[in-house]
Amino acid sequence: MRPIPFAGTWGTSSSICYQLANEQISESGDPELEGLSKKQAKKKMKELVGPRAQSIAEQIAERLASDDDFASAEASNGYINIEFDTQRFANRVVGTIGDQASEYGRGEKKADKVMVEYSQPNTHKAFHIGHLRNATLGNTLCRIMDLAGYEVQKANYIGDIGMHVIKCLWCYERFHQGEEPELSARGRWLGDIYTESDQRVNFRQDVLTLLNELANNDPAFVAMVDRMVKELYQVHDVGEDVAYLLGQIANKREIKDESFYDQGTIPKFWPIVGKQLHVNLEMSRGERERHDDIEDEIPQPSQYEEWIERWDLLGSRMDWWPHVNAWREEIKAEFQRWERKDPDFVSLWETTKQWSMVDFHRIYDEIDVTFDTWFYESEVEEPGREIVKDLMEREIAEISEGLPVVKIDEKLGLEKETYRTMPVLRSDGTTLYSTKDLALTKHKFEEYGVDRSIWVVDVRQGLYFQQIFKIMELMGFEQAEKCFHLGYEMVTLPSGAMSSRSGNVILYDDIAREVLERAREIIDEKNPELPDAQKDDIAHDVGIGSLKYSMLSRDNNRVIVFDVEESLSFDGHAAPYIQYAHARACRILEKVDVMPSGELTFADLTAEEIDLIQQIAIFPTEIQRAAEEYKPLYIATYVFELAKKFNDFYRACPVLQAEEPTRAARVALVNATRQVLANGLAAIGIEAPEVM
RNA sequence: GCCCCCGUAGUUCAGGGGAUAGAACGGCGGCCUUCUAAGCCGCAUGUCGCAGGUUCGAGUCCUGCCGGGGGCACCA
């Protein structure tokens, strides 16, 4: 049973007659089908079913029409369309919403206790819009499941230890000791240090990546390699590395870091590379004659500009080149300081971890995201080692290539490679992400008694979670089959995947500031007379709401290409559209002295009114559907549709000017709609301002 | 090589096996003396990637292929 798919009709439609017709014809053995080939019979069926469905529908409709519960029942095109008694059903819907108010939409209590783990930010790293997608999705899922009737535990799992933390603290101690970051942005400052650290240890690789890219994609560069290397040899006398470079580039073979003899080769070669890139750029722009021996197409000027930008940035850091390998060793040593719980290190770790946590709490506050439970990676390292010990003893895990692993396919007796092999501890005994997650999952089962456990984590970790769940199963945890990884796709930028190392990243703080400023400008323009504090509140509701909505209005298994311009626009399919409908409803209600009560007269309803009532009526079932399928998108779509239907109604049906009793009915309908808009927005974690 | 996701209007995306596949953005043209124009109305553009199959009925389910993204042993 579904709504009748035409605007302005209110009721339900059923396609059951097609099924009945199909059964009747195929079972009774219609004489027309006899003696036909299978293919012909099928074709005949196709012709017979439609008319038969229509005739069955007519019979049923005739019987239903006399039923007092329905306003009308008619057969149309083989479907039975039943229209409801508007008077009765409209009163019931509007009355229910009036009684239940903010509880409208709540489902019956479910027995399942569900834990949803989401957000999981890493300390010592910046919070970017990818993290925002996770936090919004996870939090909205929790809100919807709670409303649907489940007992929900919202859990965060802070990545407060691991290689990233070590890298950050190494860089801090080595290069930024004693610097005092601004109090309000210490977490972000740490994130910058992490990025710098990452750039330092990957510096050589980044340099060689650019060279290899040029060798593979710039024929002009390859053609000139003889001349470039000759210049390198003549000016700097660098010896045997010259032959290596020449050979690799000319033959488009990968240049490898460990093949250099002289620490000075690349730094000396770098200015020559730059000179050539500039010559090639001019040639690409057509300002120079093309070299004869270049047969292939040479790249676009924009490509050269991008290369030159990278060349320039890397060049400015060329003094890092000789140190990279030593730095890597230092970081290993730094890890050992953590492993033996060096007091100085631990105290620095605790202090800086708090800097990040302060930032996170500020952000969660701003986006209205909350948690019931906070887990920390650092707290499950030891339990993780215990689990590995246990896995070894029970021979679920074994030593392979020097480290403990679980050969999952083998243990499950699978022929086809499915879950592969999962390492559960590093060969030096330090813990991996898997070590900690196994312990945490066990902890969730044993200490929290959850029936169902959901992980909101990016989709690239799909295999990883299948492995974790299977290992839990091998350990004998029955709850393992109720574990679910809710994957979601990446947030990328038009310029490609986000990466803090390359600087191609949009931080939450930056985009939030921009979106809030923009929202403030608009409210200043629309409603200049409002007090400042209220304008700030509205700007917050609209700006943050709009950011969150852009994360929710796409299905989770779809990549979001984040467009800044689009995210700053408050028109069209966006949160402000929905919020505006709510504010409009509020404005009407503001002008009503006494709210109507008792039986209302919903007679001669317009198509817009009927569509609107139908839409507010389905809210509770939409909540159930979204909760069962873990799809916050359904509610994001629902509430937008509701706003649209309200705007249609707003245009077509005057409320305050209407004659009684229509006026009272419309006022009640506006009140009910306002309530459902508010409830729907609340379900997806978006505020519903009363004035905009 | 194995596995996962995506392919629908110029663009970004909805679409619960059922009727004529819908929005938003962008484009063009209208609507503020009437409850806020962050709104509304009108116009244009579709081989639903391709080919089979299941079904009375497929954008939706199954298989294969093409194109794009991602994952597969000591990152998280």
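First the proteins, then the strands, lettered A, B, ... as listed; each starts at 1.
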Inset, instruction - Starting at atom CD of Gln466(A), determine the distance to atom C1' of C2(B), rounded to an integer number of angstrom. - result: 15 Å
Legend entry - Residue Leu463(A), side-chain heavy atoms: nucleotide from A23(B), G71(B), C75(B) that is nearest: G71(B)
Legend entry - Distance below 4.0 Å between Lys416(A) side-chain N/O and C3(B) OP1 or OP2: yes
Legend entry - Nearest-Å distance once atom C1' is located in both U12(B) and G16(B): 23 Å
Legend entry - Asn122(A) side chain, from C-beta outward: closest of C72(B), A76(B), G15(B): A76(B)
Legend entry - Distance, rounded to the nearest Å, where Tyr464(A) contributes OH and A73(B) contributes P: 14 Å
Legend entry - Same-atom distance (C1') from G22(B) to A76(B), integer angstrom: 40 Å
Legend entry - Geometric cation-pi criterion Lys436(A) and Tyr157(A), 6.0 Å radius, 45° cone: no
Inset, instruction - Can you tell me, in whole Å, how much space there is between the P of C72(B) and that of U63(B)? - result: 25 Å
Inset, instruction - With syn defined as a glycosidic angle within 90° of 0 and anti as everything else, classify C32(B). - result: syn
Inset, instruction - May I have the distance from Tyr419(A) (atom OH) to C2(B) (atom P), rounded to whole angstrom? - result: 18 Å
Inset, instruction - Just name whichever nucleotide pairs with C43(B), Watson-Crick or G-U, keeping both distances under 3.5 Å, else none. - result: G27(B)
Inset, instruction - Just call it for Asp428(A): base, sugar-phosphate, or nothing, with non-hydrogen atoms closer than 4.0 Å on any strand. - result: nothing
Inset, instruction - Taking atom P in both G10(B) and G71(B), compute the distance separating them and give it to the nearest angstrom. - result: 32 Å
Legend entry - Validation row: Arg674(A), Phe646(A) side chains within 4.5 angstrom (heavy atoms): no
Legend entry - Asp206(A) side chain to Asn202(A) side chain, donor-acceptor N/O pair below 3.5 angstrom: no
Inset, instruction - Check the distance between A14(B)'s C1' and Glu641(A)'s CD and give it to me in whole angstrom. - result: 8 Å
Legend entry - Flag side-chain contact, heavy atom, 4.5 Å: Trp349(A) against Ser378(A): yes
Inset, instruction - Report yes or no: is the ring centroid of Tyr79(A) under 5.5 Å from the six-membered base ring centroid of G18(B), with the two planes under 30 degrees? - result: no
Inset, instruction - On RNA chain B, check which nucleotide each of Tyr577(A) and Glu417(A) is closest to and give me the residue with the more 5' one. - result: Glu417(A)
Inset, instruction - Give Glu521(A) one of three labels, base, sugar-phosphate or nothing, depending on what nucleic acid heavy atoms sit under 4.0 Å from its own. - result: nothing
Legend entry - Side-chain donor/acceptor contact of Arg625(A) with base of G16(B) under 3.5 Å: yes
Legend entry - Separation of A24(B) P from Lys645(A) NZ (nearest whole Å): 13 Å
Inset, instruction - Sort out the partner of C61(B) for me: Watson-Crick or G-U wobble, both distances under 3.5 Å, none otherwise. - result: G53(B)
Inset, instruction - Side chain of Ile588(A) only, please: which of A19(B), C35(B), C56(B) is the nearest? - result: C35(B)
Inset, instruction - Answer with yes or no whether the side chains of Asn556(A) and Tyr630(A) bring together a donor and an acceptor at under 3.5 Å. - result: no
Inset, instruction - Please determine if a side-chain N or O atom of Arg584(A) lies less than 4.0 Å away from the OP1 or OP2 oxygen of A37(B). - result: yes
Inset, instruction - Find out whether the Lys NZ or Arg CZ of Arg584(A) is both under 6.0 angstrom from the six-membered ring centre of Tyr650(A) and within 45° of the ring's axis. - result: yes
Inset, instruction - Under 4.0 Å between any heavy atoms, over every strand shown, what does Ser400(A) touch: base, sugar-phosphate, or nothing? Just pick one. - result: base
Legend entry - Atom-to-atom span, CG of Asn647(A) to C1' of A23(B) - whole angstrom: 14 Å
Inset, instruction - Please state whether the base of A14(B) and the side chain of Ser553(A) form at least one donor-acceptor pair under 3.5 Å? - result: no
Inset, instruction - Would you please classify the geometry between the His164(A) ring and the Tyr194(A) ring as parallel, tilted or perpendicular, with 30° and 60° separating the classes? - result: perpendicular
Inset, instruction - For the pair Asp428(A) (side chain) and Thr430(A) (backbone), establish whether a donor and an acceptor sit closer than 3.5 Å, ignoring hydrogens and angles. - result: yes
Inset, instruction - Find the partner of A73(B): check Watson-Crick (N1-N3 plus N6-O4 or O6-N4) and G-U wobble (N1-O2, O6-N3) distances, both under 3.5 Å, and reply none if neither fits. - result: none
Legend entry - Touch class at under 4.0 angstrom, heavy-atom based, for Asn22(A) against every strand present: base
Inset, instruction - Could you give the distance separating C75(B) and C6(B) at their C1' atoms, to the nearest angstrom? - result: 26 Å
Legend entry - Protein proximity profile, nucleotides 7-12 of chain B - base contact B, sugar-phosphate-only contact S, no contact -, cut-off 4.0 Å on heavy atoms: S----S
Inset, instruction - Describe the nucleic acid contact of Cys586(A) in one word from base, sugar-phosphate, nothing, applying a heavy-atom distance below 4.0 Å. - result: nothing
Inset, instruction - Compute whether any side-chain donor of one residue and acceptor of the other, for Thr662(A) and Glu659(A), lie under 3.5 angstrom apart. - result: no
Inset, instruction - Assign Gln120(A) to base, sugar-phosphate, or nothing according to its heavy-atom contacts below 4.0 angstrom with the strands shown. - result: nothing
Legend entry - Nearest-Å distance once atom C1' is located in both G18(B) and A58(B): 10 Å
Legend entry - Sugar-phosphate, base or nothing in reach of Ser76(A), heavy atoms under 4.0 Å: base
Legend entry - Close side-chain approach of Ile161(A) and Tyr376(A), heavy atoms under 4.5 Å: no
Inset, instruction - Write down the distance between CD (Gln461(A)) and C1' (G70(B)), rounded to a whole number of angstrom. - result: 12 Å
Legend entry - Watson-Crick or G-U wobble partner of G7(B), both distances under 3.5 Å: C66(B)
Inset, instruction - Could you tell me whether Glu590(A) and Arg587(A) have a side-chain N and a carboxylate O separated by less than 4.0 Å? - result: yes
Legend entry - Donor-acceptor pair under 3.5 Å, Asn81(A) side chain vs A19(B) base: yes
Inset, instruction - Describe the nucleic acid contact of Arg420(A) in one word from base, sugar-phosphate, nothing, applying a heavy-atom distance below 4.0 Å. - result: base
Inset, instruction - Would you please confirm or rule out a distance under 4.0 Å between OP1 or OP2 of C5(B) and any side-chain N or O of Asn557(A)? - result: no
Inset, instruction - Under 4.0 Å between any heavy atoms, over every strand shown, what does Phe640(A) touch: base, sugar-phosphate, or nothing? Just pick one. - result: sugar-phosphate
Legend entry - Whole-Å C1' distance, A9(B) and G46(B): 6 Å
Legend entry - Rounded P spacing from C50(B) to G7(B) in Å: 13 Å
Inset, instruction - Using a heavy-atom cut-off of under 4.0 Å over every strand shown, decide if Leu633(A) touches base, sugar-phosphate, or nothing. - result: sugar-phosphate
Legend entry - Under-4.0 Å side-chain N/O to phosphate OP1/OP2 contact, Arg426(A) with C75(B): yes
Legend entry - Opposite nucleotide pairing with C13(B), Watson-Crick or G-U, both atom distances under 3.5 Å: G22(B)
Inset, instruction - Measure the acute angle between the ring planes of Phe469(A) and Trp455(A), then classify it against the limits of 30° and 60° as parallel, tilted or perpendicular. - result: tilted
Inset, instruction - Would you indicate what Asp555(A) reaches in the nucleic acid, counting non-hydrogen atoms under 4.0 angstrom: base, sugar-phosphate, or nothing? - result: sugar-phosphate
Legend entry - Earlier contact from the 5' end, RNA chain B, for Asn77(A) and Leu403(A): Asn77(A)
Inset, instruction - Scan Tyr157(A) against the nucleic acid and name what it touches under 4.0 Å (heavy atoms): base, sugar-phosphate only, or nothing. - result: nothing
Legend entry - Sugar-phosphate only, base, or nothing, as touched by Val424(A) at under 4.0 Å among non-hydrogen atoms: nothing
Legend entry - Interatomic distance, Gln657(A) CD vs U33(B) P [rounded to whole Å]: 15 Å
Inset, instruction - Would you mind classifying the nucleic acid contact of Val691(A) as base, sugar-phosphate or nothing, using non-hydrogen atoms under 4.0 angstrom? - result: base
